Asker: 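Sharing a structure, written as structure tokens. Questions coming.
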Amino acid sequence: MIEGLYCGEDNCYDLLGVTRDSSKGEFSKAYRQLARKWHPDMHKTQKEKDEAAIMFRKIATAYETLKDEDIRKDYDYMLDNPEEYYSHYYRYYRRRVAPKVDVRVVIAVTITVISVVQYLGAWNNYKTALAYLVTVPKYRMQAKEIAKKEGLLDSDKKRDRTKTKEEIKEEEENILKNILAEKVDIRGGYRKPSLLDVLWLQLLFSPYYIVQYIIWYMSWIWHYTICRLEYSDLDKQYLIRRYLRISEQQWEALEEKERAEMLGEELWVKEKFHKWKAAKEEAQREELAENSRYKKYRRYMKKGGPGQMSFGPD
């Protein structure tokens with residue numbers, strides 16, 4: 001017996017008057033009988049009430065220990081192996097500190113929260129993109145022309161009298177945003193969100209995506225490794241994205257002219273991509289070399305960088 005663990009120096013089985021072979025029903029029956037007997041309200045004098053309260057707590061602790069099968073196993077192990085002093089403390093507090101909620105529920109709730117935040121964040125990005133496009137003169141003028149042709153901006157003077165200027169302006173802005181949402185193909189990280197992009201559905205359809213990937217990979221090997229066919233336009237873009245180490249959304253976010261230039265230079269060919277990358281890096285170094293701020297930074301680093309002692313500007 002270890003003081004502070006389970007029933008302390010008392011034996012839980014003895015407190016309830018049961019044995020290890022007793023069933024859960026016998027534990028419950030013994031507890032109810034003893035609880036009625038030792039309940040403080042069943043006694044008259046204060047001394048008897050205090051003694052009964054102590055005994056009542058011991059009985060309740062014994063029942064809590066024995067009614068749980070896992071805790072009872074740990075308790076029986078302590079009775080059989082009293083010399084393993086520290087392991088008994090570990091087992092006891094592991095049960096007390098361990099969360100009572102099912103881990104599967106925690107995982108499900110976490111995935112749900114991530115999915116909701118992910119979807120709402122995507123919608124916020126999409127609305128931000130529309131709000132920006134409305135401010136761009138080119139897109140705003142085109143949207144206004146479409147709205148006028150469709151009669152969406154034909155003002156009704158009688159109706160407008162009931163609204164403030166701010167309300168009329170807000171209504172026009174919403175009309176323009178709706179037109180841009182229909183006519184403009186927003187790509188990349190600011191595209192219109194889809195429920196298929198959220199984590200829950202991604203996990204749900206993961207077996208399907210895995211099968212699709214295996215089919216695609218086998219098709220790739222057959223067409224381009226075995227049959228030596230020419231790459232399709234989509235596969236050319238895929239190779240360029242892989243060499244650039246960017247996602248599909250990042251690729252779509254690039255300007256169409258920039259993507260066309262990369263395809264025109266045949267950057268899906270690895271050797272040509274490395275030459276193009278080297279040329280880009282060299283051009284960037286030359287541009288930095290001519291940059292006054294970069295020259296100042298280089299002088300600063302040559303003099304010792306952040307660890308140098310300075311008494312004022314150069």
Side-chain angles (χ1 to χ4, degrees), residues 103-104 106-130 132-133 139 180-289:
V103 176
R104 291 170 295 182
V106 175
I107 294 173
V109 171
T110 303
I111 294 174
T112 302
V113 171
I114 293 173
S115 299
V116 171
V117 172
Q118 182 184 11
Y119 189 69
L120 293 178
W123 264 111
N124 182 63
N125 290 342
Y126 179 65
K127 289 179 180 178
T128 302
L130 287 177
Y132 169 74
L133 289 176
Y139 294 112
L180 290 173
E182 293 177 3
K183 304 297 182 181
V184 179
D185 183 16
I186 302 174
R187 299 183 179 183
Y190 291 88
R191 67 184 179 184
K192 190 173 183 178
S194 170
L195 284 173
L196 292 175
D197 295 331
V198 301
L199 181 59
W200 251 127
L201 291 181
Q202 290 283 318
L203 293 174
L204 186 63
F205 289 110
S206 58
Y208 170 76
Y209 294 141
I210 292 171
V211 171
Q212 287 290 99
Y213 175 77
I214 293 172
I215 294 172
W216 171 84
Y217 186 71
M218 297 301 294
S219 174
W220 183 282
I221 293 174
W222 172 257
H223 287 102
Y224 304 130
T225 305
I226 298 175
C227 298
R228 302 282 182 177
L229 298 177
E230 184 180 351
Y231 293 116
S232 66
D233 290 341
L234 288 176
D235 291 334
K236 289 175 182 177
Q237 293 181 39
Y238 165 73
L239 287 171
I240 296 174
R241 282 195 291 107
R242 193 176 72 175
Y243 295 152
L244 289 170
R245 297 181 180 178
I246 61 175
S247 65
E248 186 176 358
Q249 291 184 354
Q250 290 172 316
W251 171 259
E252 291 177 351
L254 297 175
E255 293 185 4
E256 189 174 349
K257 181 181 178 182
E258 188 176 358
R259 296 200 301 266
E261 287 178 357
M262 292 182 185
L263 289 168
E265 295 185 26
E266 300 181 353
L267 297 187
W268 64 86
V269 180
K270 203 166 190 176
E271 293 76 13
K272 292 185 178 181
F273 174 80
H274 287 311
K275 288 181 181 179
W276 173 84
K277 185 180 179 182
K280 282 279 186 182
E281 290 175 349
E282 182 62 29
Q284 188 177 15
R285 281 195 293 269
E286 291 177 359
E287 185 179 352
L288 285 174

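Remember, predicted model here, so these are calculated numbers, not experimental data.
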Asker: What residue pairs, at least two apart or across chains, pass ring-ring contact (aromatic ring centres under 6.0 Å, His included) with a residue in residues 186-207?
Answerer: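 Matches after skipping sequence neighbours: none remain.
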Asker: At what distance, to the nearest 0.5 angstrom, does CD of Glu261 lie from CD of Glu255?
Answerer: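 It comes to 9.5 Å.
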Asker: Using every non-hydrogen atom in the two residues, find where Asp197 and Arg191 come nearest and quote the distance to one decimal.
Answerer: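 Looking at all heavy atoms of both residues, the closest pair is OD2-NH2, 3.6 Å.
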Asker: Are more than 12 heavy atoms from other residues, nucleotides or ligands located less than 6.0 Å from atom OH of Tyr132?
Answerer: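 No, not enclosed.
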Asker: What residues, two or more places apart in sequence or in another chain, satisfy side-chain contact (heavy atoms from CB on, under 4.5 Å) together with Val117?
Answerer: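 Applying side-chain contact (heavy atoms from CB on, under 4.5 Å) to Val117 gives Val113.
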Asker: Using a 4.5 Å cut-off on heavy atoms from C-beta on, say whether the side chain of Arg104 contacts that of Val109.
Answerer: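 When only atoms from C-beta onward are counted, Arg104 and Val109 do not touch, as no gap falls below 4.5 Å.
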Asker: Run the side-chain contact (heavy atoms from CB on, under 4.5 Å) test against Ile226 and tell me which residues pass, sequence neighbours left out.
Answerer: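 Per chain and number, Ile226 pairs via side-chain contact (heavy atoms from CB on, under 4.5 Å) with Ile221, Trp222.
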Asker: Using the ring-ring contact (aromatic ring centres under 6.0 Å, His included) criterion, which residues pair with Tyr224? Sequence neighbours excluded.
Answerer: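 Counting only residues at least two positions away or on another chain, Tyr224 forms a ring-ring contact (aromatic ring centres under 6.0 Å, His included) with Trp220, Tyr231.
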Asker: Side chains of Gln284 and Lys280: closer than 4.5 Å at any heavy-atom pair?
Answerer: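 A side-chain contact is absent here, since even the closest heavy-atom pair is not under 4.5 Å.
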Asker: Looking at CG of Leu203 and OG of Ser115, how far apart are the two atoms once the value is rounded to the nearest 0.5 Å?
Answerer: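 Answer for the CG-OG pair, Leu203 versus Ser115, is 7.5 Å.
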Asker: Name all residues meeting the salt bridge (charged side-chain N to carboxylate O under 4.0 Å, His left out) criterion together with Glu282; count only those two or more places apart in sequence or in a different chain, and write none if there are none.
Answerer: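 Partners of Glu282 by the salt bridge (charged side-chain N to carboxylate O under 4.0 Å, His left out) criterion, ordered by chain and then number, come out as Arg285.
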Asker: Taking side-chain contact (heavy atoms from CB on, under 4.5 Å) as the definition, give me every residue that meets it alongside Glu271, ordered by chain and number, with sequence neighbours left out.
Answerer: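 If we apply the side-chain contact (heavy atoms from CB on, under 4.5 Å) test to Glu271, skipping adjacent residues, the hits are Val269.
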Asker: Which heavy atom in Leu196 sits nearest to a heavy atom in Tyr209, and how many Å separate them?
Answerer: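 Smallest interatomic distance, heavy atoms only, reads O-OH, 4.3 Å.
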Asker: Give every residue pair that meets the salt bridge (charged side-chain N to carboxylate O under 4.0 Å, His left out) criterion with at least one member in residues 108-129, sequence neighbours excluded.
Answerer: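 Found none.
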Asker: Give me the atom names and distance for the closest heavy-atom approach of Leu133 to Val184.
Answerer: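 In terms of heavy atoms, the two residues are closest at CD1-CG1, 4.0 Å.
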Asker: Hydrogens and angles aside, do Thr128 and Asn125 bring a side-chain donor and acceptor to less than 3.5 Å of each other?
Answerer: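 There is no such pair between these side chains.
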Asker: Start with the C-alpha gap between Gln237 and Leu267, add the side-chain angles, then the distance that decides, and say whether side chain to side chain contact (heavy atoms under 4.5 Å, CB included) holds.
Answerer: CA-CA 9 Å; Gln237 293 181 39; Leu267 297 187; over 6 Å; no
Asker: Is there side-chain contact between Ile186 and Lys192, with at least one heavy-atom pair below 4.5 Å?
Answerer: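 No, every pair of side-chain atoms sits at 4.5 Å or beyond.
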Asker: Using side chain to side chain contact (heavy atoms under 4.5 Å, CB included), reason through Met262 and Trp276 one step at a time and then give a plain yes or no.
Answerer: CA-CA 9 Å; Met262 292 182 185; Trp276 173 84; 4.1 Å; yes
Asker: Verify, without hydrogens or angle tests, whether Ser219 (side chain) and Ile215 (backbone) share a donor-acceptor contact under 3.5 angstrom.
Answerer: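 Looks like no, no N/O pair under 3.5 Å.
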Asker: Please confirm whether the backbone N or O of Ser247 pairs with a side-chain atom of Gln250, one donor and one acceptor, at under 3.5 Å?
Answerer: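 Yes; at least one donor-acceptor contact below 3.5 Å.
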Asker: Listed by chain and number, what are the salt bridge (charged side-chain N to carboxylate O under 4.0 Å, His left out) partners of Glu230, not counting sequence neighbours?
Answerer: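 Once residues adjacent in sequence are excluded, the partners of Glu230 under the salt bridge (charged side-chain N to carboxylate O under 4.0 Å, His left out) criterion are Lys236.
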Asker: Just to verify, what does Glu248 make a salt bridge (charged side-chain N to carboxylate O under 4.0 Å, His left out) with, not counting sequence neighbours?
Answerer: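 So Glu248 forms no salt bridge (charged side-chain N to carboxylate O under 4.0 Å, His left out) with any residue.
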Asker: How far does CZ of Arg241 sit from CG of Leu234, to the nearest 0.5 angstrom?
Answerer: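 Rounded to the nearest 0.5 Å, the CZ-CG separation comes out at 9.0 Å.
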Asker: Excluding sequence neighbours, so at least two apart, what forms ring-ring contact (aromatic ring centres under 6.0 Å, His included) with Tyr213?
Answerer: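 Only Trp216 meet the ring-ring contact (aromatic ring centres under 6.0 Å, His included) criterion with Tyr213.
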Asker: Once rounded to the nearest 0.5 Å, what's the spacing between atom CG of Leu229 and atom CG of Asp235?
Answerer: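 Rounded to the nearest 0.5 Å, the CG-CG separation comes out at 10.5 Å.
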Asker: Which residues pass the side-chain contact (heavy atoms from CB on, under 4.5 Å) test with Arg259, sequence neighbours left out?
Answerer: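 side-chain contact (heavy atoms from CB on, under 4.5 Å) list for Arg259, sorted by chain: Arg187, Trp251, Leu254, Glu256.
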Asker: Answer yes or no: is there a donor N or O on one side and an acceptor on the other, between the side chain of Glu266 and the main chain of Lys272, under 3.5 Å?
Answerer: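 Checking the backbone N and O of Lys272 against the side chain of Glu266, no donor-acceptor pair under 3.5 Å is found.
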Asker: What residues, two or more places apart in sequence or in another chain, satisfy ring-ring contact (aromatic ring centres under 6.0 Å, His included) together with Tyr243?
Answerer: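 For Tyr243, the residues satisfying ring-ring contact (aromatic ring centres under 6.0 Å, His included) (neighbours in sequence not counted) are Phe273.
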